[in-house]
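Notes follow once the structure below has been shown.
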Amino acid sequence: MTAASRLDVRTFVVDVPDFPKKGIVFKDITPLLADAKAFAATIDQMAAPFKELGIGVVAGIESRGFLLATPIAYSLGAGVVPIRKKGKLPRKTHTASYDLEYGQDSIEAHVDAFPRGTKVLLVDDVLATGGTAKAACELLGKLGGEVVGLSFLIELAFLRGRDKLPGQQIRSLITY
Ligand code: AMP
């Protein structure tokens, strides 16, 4: 374990009450990303449980997921695949939908993002209700990927997102 990975990264996450709307406590990770030691510790610790598992690609969920998925992929010697909000990718995509408080939203990835059977690690900043991660797993399944794990910086355990992801290997660095 490096000195950086012993740092308590929790102290770099800032709670922002009532953002983006009343009643939500937004977990702002920008101070963590901007601190060189905290950022390095975060990437080391999010990647560590998934070394030696033959991960071929790390899939990051738009947009804060990209900031974590990319260095984790580099650390694991894997490629990186963006899972984007609908309408952003230029070529043929597969889509998966998930429920919002009002209505639905969709995420997409290119149909040929990786070869079928590729081992995939899914990465995002926050696991809240689990709807986004569940849709991302469905999407990766449509692409023929084998999701071998999910790595989150933050888990809001009281929202029970894990319940939507049975049988998955889920790791979170910080749990509230
Ligand atoms: P969910 O689908 O409910 O698990 O929500 C996960 C997605 O919403 C992630 O991509 C997060 O970036 C974002 N998110 C949900 N809750 C929060 C929060 N309290 N603070 C920051 N981001 C959040």
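Ligands are counted one by one from 1 in listed order, and the atoms in each one are counted from 1 as well.
No side-chain heavy atom of Leu143 sits under 4.5 Å from any side-chain heavy atom of Val81. The shortest distance between side-chain heavy atoms of Leu150 and Cys137 falls below 4.5 Å.
Summarising the local packing, NZ of Lys88 is surrounded by 12 or fewer heavy atoms from other residues, nucleotides or ligands at distances under 6.0 Å. For Lys51, the NZ atom counts as densely surrounded, since its 6.0 Å shell holds more than 12 non-hydrogen atoms of other residues, nucleotides or ligands.
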Per-pair distances, ligand 1 N/O vs protein N/O, less than 3.5 Å:
{"from": "ligand 1", "atom 1": "2 (O)", "to": "Gly131", "atom 2": "N", "distance (Å)": "3.4"}
{"from": "ligand 1", "atom 1": "2 (O)", "to": "Thr132", "atom 2": "N", "distance (Å)": "2.9"}
{"from": "ligand 1", "atom 1": "2 (O)", "to": "Thr132", "atom 2": "OG1", "distance (Å)": "2.5"}
{"from": "ligand 1", "atom 1": "3 (O)", "to": "Thr129", "atom 2": "N", "distance (Å)": "2.8"}
{"from": "ligand 1", "atom 1": "3 (O)", "to": "Thr129", "atom 2": "OG1", "distance (Å)": "2.5"}
{"from": "ligand 1", "atom 1": "4 (O)", "to": "Ala128", "atom 2": "N", "distance (Å)": "2.9"}
{"from": "ligand 1", "atom 1": "4 (O)", "to": "Thr129", "atom 2": "N", "distance (Å)": "3.0"}
{"from": "ligand 1", "atom 1": "4 (O)", "to": "Gly130", "atom 2": "N", "distance (Å)": "2.7"}
{"from": "ligand 1", "atom 1": "10 (O)", "to": "Asp124", "atom 2": "OD2", "distance (Å)": "2.7"}
{"from": "ligand 1", "atom 1": "12 (O)", "to": "Arg64", "atom 2": "NH2", "distance (Å)": "2.8"}
{"from": "ligand 1", "atom 1": "12 (O)", "to": "Asp125", "atom 2": "OD1", "distance (Å)": "2.7"}
{"from": "ligand 1", "atom 1": "12 (O)", "to": "Asp125", "atom 2": "OD2", "distance (Å)": "3.4"}
{"from": "ligand 1", "atom 1": "19 (N)", "to": "Val25", "atom 2": "O", "distance (Å)": "3.0"}
{"from": "ligand 1", "atom 1": "20 (N)", "to": "Lys27", "atom 2": "N", "distance (Å)": "2.9"}
{"from": "ligand 1", "atom 1": "22 (N)", "to": "Arg64", "atom 2": "NH2", "distance (Å)": "3.2"}

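Not one N or O on the side chain of Asp99 forms a donor-acceptor pair closer than 3.5 Å with the backbone of Gln104.
At a threshold of 4.0 Å, the pair Lys86-Glu108 does not count as salt-bridged, since none of the basic side-chain nitrogens sits closer than that to a carboxylate oxygen.
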